[in-house]
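The structure appears right after this line, and notes come after that.
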Amino acid sequence: MNILAIIPARSGSKSVIDKNIRMMGGKPMLAHSIGHALQSKYINRVIVSTDSERYAAIAREYGAEIPFLRPAEYATDTALDIEVFRHALSFLKEKENYDADIVVQLRPTYPIRNVDDIDRMIQLLIDHPEADSVRTIAPAKEIAYKMWRWQEDGTIIPLLTDIPEAYNMPRQQLPVIYYQNACIDVTRGSVVLKKNSMTGDRILGYQMNQNYDIDTEEEFERADKALRAQQIE
């Protein structure tokens, strides 16, 4: 079975400049995700999709393949995951006749992971042939049942309406809501290429409690501190 890890690492981040290669815990941030993929007992190929020769050289240094440089149109602020992954899988199919049975997305902005979680999610998808993908989720701190949409006329409408007037209920009586924490996505290659989707129709959840996705300087400092603490242990 071909199980491919793709680490999407475009250059040009604005929130934290060059965050994908910024030093964290003694190595460039994307190197942590490469290491996680290489440590997996299931993943048998690791590539980095980047638009930068500089990023590519760093990725190679830490053991990833760079079979292509990502075209500029797939490396913008608004480029979608599906565009990046369709490009990668289509390139590998066309140039190498390589088909990925399972694709694992490891975002370089998530430098702290348990490799066992990666392997458990892959096994979960293998064990459930009816499923299209597995996605990590974590309990949301904010209560979505008490969130609203603002209307142009100044009125507000509840975000969720499956429970009548849930916004007037005690939070303890409301269902737990989860958000996707961007740690690990596991998808069938055929879902990306044939369904043009990163998730497909049947999505399994894999629960986690933490979130180390980095989009701000504060989140960077928090993750760097956690990594250094792990190294001391």
Side-chain angles (χ1 to χ4, degrees), residues 8 13-16 19 33 36 77-83 85 102-188 191-192 195-227 229-230:
S13 170
K14 296 177 181 177
S15 56
V16 179
K19 65 180 176 182
S33 292
H36 300 155
D77 289 339
T78 57
L80 302 176
D81 285 348
I82 186 61
E83 296 171 331
F85 277 65
I102 291 176
V103 185
V104 181
Q105 175 167 208
L106 299 177
R107 295 174 180 84
T109 51
Y110 211 109
I112 300 175
R113 291 185 188 87
N114 185 335
V115 176
D116 288 341
D117 289 332
I118 299 173
D119 288 340
R120 290 189 189 108
M121 290 175 67
I122 293 171
Q123 187 63 60
L124 189 60
L125 192 59
I126 292 172
D127 290 343
H128 290 270
E130 78 285 358
D132 288 328
S133 63
V134 187
R135 178 160 288 199
T136 52
I137 56 173
K141 295 180 181 179
E142 302 294 338
I143 303 170
Y145 280 99
K146 294 182 181 291
M147 293 182 180
W148 301 81
R149 294 183 187 273
W150 182 272
Q151 303 289 94
E152 290 186 1
D153 64 358
T155 60
I156 56 175
I157 58 174
L159 179 65
L160 300 179
T161 58
D162 56 310
I163 299 176
E165 293 199 15
Y167 45 84
N168 288 327
M169 296 173 60
R171 64 176 179 80
Q172 295 86 350
Q173 296 181 18
L174 296 172
V176 177
I177 298 292
Y178 296 85
Y179 69 97
Q180 55 190 41
N181 70 348
C183 184
I184 307 163
D185 298 332
V186 180
T187 310
R188 299 191 191 281
V191 169
V192 175
K195 293 189 176 183
N196 195 35
S197 172
M198 290 298 296
T199 53
D201 305 308
R202 183 171 173 78
I203 310 165
L204 300 179
Y206 185 89
Q207 292 188 34
M208 307 179 79
N209 293 315
Q210 75 276 14
N211 180 18
Y212 284 105
D213 191 30
I214 295 172
D215 199 42
T216 65
E217 285 288 346
E218 291 76 16
E219 291 165 347
F220 183 95
E221 294 298 329
R222 172 175 168 262
D224 189 44
K225 183 177 179 180
L227 268 175
Q230 288 181 4

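It should be emphasised that the depicted structure is a prediction, and the values quoted were computed from it without experimental measurement.
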Measure the [atom1]-[atom2] distance between [X] and [Y] for me, rounded to the nearest 0.5 Å.
X    : Y    : atom1 : atom2 : value
E219 : D224 : CD    : CG    : 13.5 Å
M198 : I203 : CE    : CD1   : 11.0 Å
Q123 : I118 : CD    : CD1   : 14.5 Å
T161 : Y167 : OG1   : OH    : 10.0 Å
Q207 : I137 : CD    : CD1   : 5.0 Å
D201 : E130 : CG    : CD    : 12.5 Å

Between the main-chain N or O of S133 and the side-chain N or O of T187, is there a donor-acceptor pair closer than 3.5 Å? no
I'd like to know if the side chain of Q173 and the backbone of P170 have a donor-acceptor N/O pair within less than 3.5 Å. no
Partners meeting side-chain contact (heavy atoms from CB on, under 4.5 Å) with I156 (sequence neighbours left out): W148, W150
Close side-chain approach of [X] and [Y], heavy atoms under 4.5 Å:
X    : Y    : result
M208 : N114 : no
I82  : V192 : yes
S197 : D132 : no
D215 : K19  : yes
S33  : R113 : yes
C183 : Y206 : no

Between [X] and [Y], which heavy-atom pair has the shortest distance, and what is it?
X    : Y    : value
M121 : T136 : SD-CG2, 3.4 Å
G205 : L124 : O-CD2, 4.4 Å
P139 : Y178 : N-CD2, 3.6 Å

Do any pairs count as a salt bridge (Lys or Arg N to Asp or Glu O under 4.0 Å) and have a residue in residues 116-126, sequence neighbours left out, and if so which ones? D117-R120
What pairs meet the salt bridge (Lys or Arg N to Asp or Glu O under 4.0 Å) rule with one or both residues in residues 146-167, with sequence neighbours excluded? none
Taking everything shown except E83 itself, do over 12 heavy atoms lie less than 6.0 Å from its CD? yes
Those residues that, when tested against K225, pass salt bridge (charged side-chain N to carboxylate O under 4.0 Å, His left out) (two or more places apart): none
Could you tell me which residues satisfy salt bridge (charged side-chain N to carboxylate O under 4.0 Å, His left out) with R222, sequence neighbours excluded, listed by chain and number? none
Anything under 3.5 Å between a donor and an acceptor, one on a side chain of residues 103-111, the other on a protein residue two or more places apart or in another chain? List them.
residue : atom : partner : partner atom : Å
Q105    : NE2  : D185    : OD2          : 3.2
R107    : NH1  : A182    : O            : 3.3
R107    : NH1  : D185    : OD2          : 3.1
R107    : NH2  : D81     : OD2          : 3.3
R107    : NH2  : D185    : OD2          : 2.8
T109    : OG1  : D213    : OD1          : 2.9
Y110    : OH   : N181    : ND2          : 3.4
Y110    : OH   : Q210    : O            : 3.2
Y110    : OH   : Y212    : N            : 3.1

